[in-house]
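The structure appears below as structure tokens.
As a basis for the values below, the full set of heavy atoms in this structure was taken, side chains included, without hydrogen atoms, waters or symmetry mates.
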Amino acid sequence: MTKRHLICGALIALAATFVLVLACGDALSPVMHALNAPHVVGTSIAMTFMPSLNGRARGLVGFVRADAAGQTEIFDELKRTVEAFKAAHTEELKGIKAKFADVVQAEQVQRINAEITTLTKALDDCNAMIAALKLGGGGGDEDENAPAKKEHARAFEKWFRRGAENGLSDLEVKASLTTQSDPDGGFLVPKQTETTIDRVLGLVSVMRQLATIMPIGTKSYSKFVSMGGAGGGWVGEEDARPETGTPSLRELVFTVMEMYANPATTQTMLDDGIIDIAAWLADEVQQTFADLEGAAFITGSGVKQPRGFLNYDKVANTSWSWGNIGYTATGAAADFATTAPIDALIKLYYSLKQGMRNGAAFLMNDQVMGTVRTFKDTGGNYIWKEPSEAADVATILGKPVYTDDNMPALGANAYPVAFGNFKRGYLILDRTGIRVLRDPYTNKPKVHFYTTKRVGGGVANFEAIKLLKCATS
């Protein structure tokens with residue numbers, strides 16, 4: 001996809017958002033003016049329209065500008081809102097220490113906390129859009145314009161629009177997309193379209209941003225991990241060198257599974273020729289694929305889907321052994337401990353080996369993040385820090401923190417927080433080739449495009465990921 005196509009798509013999306021904002025303006029007006037605190041933000045901030053936002057945050061909603069100006073405005077507003085949160089939370093704590101609870105103050109803290117979450121997400125979305133536009137200007141495969149690939153792309157477009165195969169299966173082999181014809185299973189999308197879909201998934205999926213991604217051309221991948229055992233020692237210049245022990249290896253096998261989406265359009269729309277196939281298909285399948293992947297990489301069973309890191313056996317970190325995920329406890333049965341809750345996160349931090357902490361990050365859902373955001377160290381400093389620059393992410397204890405709704409909430413025996421070097425700890429496998437089956441018959445007059453992608457995933461290094469468990473020990 002060219003940069004021009006991406007920019008045109010972004011403009012269309014912005015226009016649609018503008019219409020939506022105008023249509024909902026009257027309904028939102030009472031809410032937008034309901035709060036008049038000194039730190040109320042105007043509606044000029046460039047952000048995505050999100051009807052689910054609470055209170056004053058709804059007044060922030062408008063547009064995402066995928067440029068440095070929009071990025072800076074959101075970042076500046078995030079900094080102001082964080083300062084307001086700190087001030088309000090401090091007042092709330094004063095009331096608690098004085099043995100009275102100001103309900104209004106507590107509600108204000110909760111509201112501002114929610115707005116910080118909203119602004120943080122908006123900043124992340126803005127950064128993702130900027131990254132997408134930059135990537136859109138790149139070239140893709142070096143041989144993308146090779147005659148065989150161009151011929152395949154033209155034939156695929158004709159088939160996509162009108163169902164004319166034109167020897168497409170043979171062109172797949174000629175373009176080196178596959179080694180055999182398989183007309184009964186649909187056809188492989190052109191490399192440029194596949195790259196577009198993968199790029200969109202990379203921007204949407206949190207785990208794809210954190211883990212290692214490996215493209216493969218087979219249905220499985222084996223990795224051997226050294227478990228140690230090679231002996232050694234110090235010797236003099238003329239001393240004998242006795243034979244040492246042989247290191248033991250353990251094999252990890254990752255199998256790719258198939259996920260699908262089944263978007264539909266009309267034949268009229270296809271005939272008009274104005275639809276950008278790569279952009280349309282990426283847009284239609286991205287949310288389905290992202291939802292399926294996002295859940296599987298964290299909680300997946302490993303049966304007909306990737307195995308999520310929360311689905312492996314878990315043991316107390318003091319009893320950790322290879323093949324298990326180690327955990328530390330919060331100190332309370334279903335929550336963080338009331339006294340010094342930060343201690344649980346510090347303990348989790350140091351449960352990860354020093355060599356793994358370089359490149360490590362926290363992962364939790366929004367609700368848990370909102371709780372952690374109120375924690376202070378012994379010096380009275382909040383451990384959650386807003387991004388220091390517009391292109392950065394928030395940090396906890398100096399390490400990046402990401403949110404994913406697939407992470408559990410606080411509760412008895414839950415594992416609401418993960419901390420680890422996910423690049424080393426989790427492996428995502430992408431089977432080369434996205435296949436599309438054209439179906440104009442099942443749901444006339446619509447034309448369905450049954451799209452499949454093969455993906456695998458699992459823990460590649462059990463030392464690299466640690467969990468926090470809601471438990472007393």
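Atom CG of residue N461 and atom NZ of residue K423 lie 15.0 Å apart, to the nearest 0.5 angstrom.
Side-chain polar atoms of T195 and D198 form no donor-acceptor pair below 3.5 angstrom. Defined by atom type and a distance below 3.5 Å, a donor-acceptor pair is missing between the side-chain atoms of N324 and K314.
F160 has its ring centre less than 6.0 Å from the ring centre of F449. Between F362 and Y402, the distance from one ring center to the other does not fall under 6.0 angstrom. Annotation: W384 is not in aromatic contact with F375 [ring centroid separation under 6.0 Å not met].
Looking at N421, N317, T328 one by one, the single match for side chain to side chain donor-acceptor pair (under 3.5 Å) with K466 turns out to be N317. For the ring pair (Phe, Tyr, Trp, His ring centres under 6.0 Å) with F462, the lone residue among Y426, F309, Y312 that qualifies is Y312.
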>> Evaluate H448 against N443 for side chain to side chain contact (heavy atoms under 4.5 Å, CB included), listing each step before the verdict.
In response: CA-CA 8 Å; H448 284 266; N443 191 21; 3.3 Å; yes
>> For a side chain to side chain contact (heavy atoms under 4.5 Å, CB included) check, start with the C-alpha distance between K219 and T255, then their side-chain angles and the critical distance, and finish with the verdict.
In response: CA-CA 6 Å; K219 64 180 181 180; T255 303; 5.5 Å; no
>> Quick one, Y349 with F419, criterion ring pair (Phe, Tyr, Trp, His ring centres under 6.0 Å). Give me CA distance, side-chain angles, the key distance, then yes/no.
In response: CA-CA 7 Å; Y349 180 96; F419 179 64; 5.4 Å; yes
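Residues F297 and I428 share a closest heavy-atom pair of CE1-CD1, 3.5 Å.
Relative ring orientation between Y415 and Y327 is described as perpendicular, the plane-to-plane angle rising above 60° on a 0-90° scale split at 30° and 60°.
K191 and E194 are joined by a salt bridge, as a carboxylate oxygen and a charged side-chain nitrogen come within less than 4.0 angstrom of each other. Between D430 and K453 there is a salt bridge, since at least one side-chain N of the basic residue sits less than 4.0 Å from a carboxylate O of the acidic one.
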